[in-house]
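For reference, the structure discussed in these notes is given below.
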Amino acid sequence: MTDQPLLEARDLRVTFQLPGQGALPWAKPRLLHAVGGVDFTLMPGETLGVVGESGSGKSTLARALIGLAPADGKAIWQDGTNLIGLSPRRMMRYRSQIQMVFQDPLASLNPRMTVGQIIAEPLTTHHKGLGRDEVRRRVKDMMDRVGLLPNQINRYPHEFSGGQCQRIGIARALIVQPKLVICDEPVSALDVSIQAQVINLLAELQRDLGLALIFIAHDLSVVKHISDRVLVMYLGRVMELAGADQLYADPQHPYTQALLSAVPIPDPELERDKRIIPLSGELPSPMNPPSGCVFRTRCPRAQERCAMDRPDLTGGAHLTACHYPGALSPEELTVSI
Ligand SMILES: Nc1ncnc2c1ncn2[C@@H]1O[C@H](COP(=O)(O)OP(=O)(O)O)[C@@H](O)[C@H]1O
Ligand SMILES: [Mg+2]
């Protein structure tokens, strides 16, 4: 690894304008802050896990990085270019270096194209001069690499299982030799028995090809083994960002502790005795986020100050955005919130 980040997000924001209530022409548009000022760095070859409950802005963050969401702020690529606000033509140049793998494997593949055509598409888009035989050779190599049978190149997506479809999606992402692959909940739609196979495949490819990965999941257990660092998101903001080992062993933010407490422990005795930190209520609307710390309305430790000032993300290698970080005591856990 070099010291130079592959990608550096600074105050990255995504705001959607929704039509005003009542749909009258003079109704003021409402603003939905899906991503509200996110900072992180990603080193070449690093895997960053991104977790948070549904609606916390994970997919929108991913889409912002490839120019598919209306973003402000900065996402500086290795060469110094800010990816935010690039024209579609200039974004094309970066799209071969940043690829995505989506959640729903079958829905994200064109049903009328053969597997060979699907995997070849990014290659023929970004490398127009390649001959047909060369394209076919590379597609077959890539199919082999992701554990698909190269002689199935003329089959259609519906002839494959969910796990195999996700392998097709991965092959398609990797065929242009990207530096970064953003996996948006790549295993959430798969059977639990298949999830580990796909995660292991991604980990293996990541290691062999020196790829950086942004691996999005709503569950902390999914990203534990694959991530170098983990970013915990809540209502469009970063709550905690730390090395995976530190984050799981010594979570500082009450939200991370709540998420972790819900992860099942394999040891039945520990599982029986553990305490699940309850999160009261629903995720607030990003149209009307709480003042100060966005988590305070569900936090067992919230004080007056939390409603007044938004906590900065601070702490060197183990970053936390909380005025009162640290492990929750047993008394705090029994407080009804
Ligand atoms: N195209 C869009 N237009 C309006 N609101 C959107 C759009 N995409 C996402 N949102 C809203 O942004 C918030 C974050 O969504 P999303 O990024 O999909 O969260 P996650 O991936 O963490 O579940 C949600 O409130 C969602 O309804
Ligand atoms: Mg999502």
Side-chain angles (χ1 to χ4, degrees), residues 9 11-23 27-40 48-73 75 83-85 88 91 98-108 162 166 169-170 173 180-190 195 198-199 202 213-223 226-227 230-241 253 255-256 258-260 262-263 279 281-290 294-295 297-298 321:
D11 196 24
L12 185 61
R13 280 163 283 128
V14 178
T15 307
F16 293 108
Q17 272 208 18
L18 307 181
Q21 235 140 15
K28 253 203 352 229
R30 293 168 303 157
L31 299 179
L32 187 152
H33 302 281
V35 179
V38 161
D39 298 85
F40 66 87
L48 178 69
V50 175
V51 293
E53 36 196 322
S54 177
S56 55
K58 306 178 301 293
S59 297
T60 306
L61 171 66
R63 292 167 59 81
L65 295 174
I66 55 171
L68 295 179
D72 294 298
L83 301 176
I84 304 306
M91 182 44 98
I98 309 174
Q99 288 284 310
M100 272 201 72
V101 173
F102 297 94
Q103 172 169 359
D104 188 340
L106 190 55
S108 60
Q166 204 52 300
I170 293 167
L180 167 62
V181 178
I182 305 175
C183 305
D184 190 359
E185 306 218 23
V187 298
S188 303
L190 301 179
Q195 289 187 357
V198 173
I199 294 176
L202 281 165
L213 288 183
I214 293 180
F215 194 107
I216 298 174
H218 55 252
D219 180 342
L220 268 166
S221 63
V222 168
V223 298
I226 198 172
S227 302
V230 175
L231 184 160
V232 178
M233 238 175 128
Y234 181 83
L235 212 63
R237 293 186 178 274
V238 182
M239 299 289 108
E240 186 159 2
L241 173 52
H253 199 288
Y255 181 56
T256 312
L259 283 183
L260 270 178
V263 171
L279 279 181
E282 303 272 297
L283 192 68
S285 162
M287 229 134 25
N288 189 16
V294 288
F295 182 59
T297 54
R298 296 169 81 192

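Atoms within each ligand, like the ligands themselves, are counted from 1 in listed order.
Residues of the protein with a heavy atom under 4.0 Å from ligand 1 are Phe16, Leu18, Leu32, Ala34, Glu53, Ser54, Gly55, Ser56, Gly57, Lys58, Ser59, Thr60, Pro286, listed by chain and number.
Interatomic distance, Ser285 OG to Leu235 CG, rounded to the nearest 0.5 Å: 8.0 Å.
Looking at Ile216 and Ser59, their side chains never come closer than 4.5 Å, going by heavy atoms from C-beta outward. Here the side chains of Leu48 and Phe40 are in contact, with some heavy-atom distance below 4.5 Å. Side-chain contact check for Val230 versus Thr256: every heavy-atom pair is 4.5 Å or farther apart. Within the 4.5 Å cutoff, the side chain of Val38 has heavy atoms near those of the Leu61 side chain. Between Val14 and Arg63 the shortest side-chain heavy-atom distance does not fall below 4.5 Å. Side-chain contact between Val51 and Val222 is absent, with no heavy atoms from C-beta onward closer than 4.5 Å.
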Could you check Tyr234 against His253 for ring-ring contact (aromatic ring centres under 6.0 Å, His included), going step by step and ending with a plain yes or no? CA-CA 11 Å; Tyr234 181 83; His253 199 288; 8.2 Å; no

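Between the Gln103 side chain and the Ala189 main chain, no donor and acceptor come within less than 3.5 Å of each other.
Take a cut-off of 2.8 Å around the Mg ion (ligand 2): the protein N, O or S atoms inside it are Ser59 OG.
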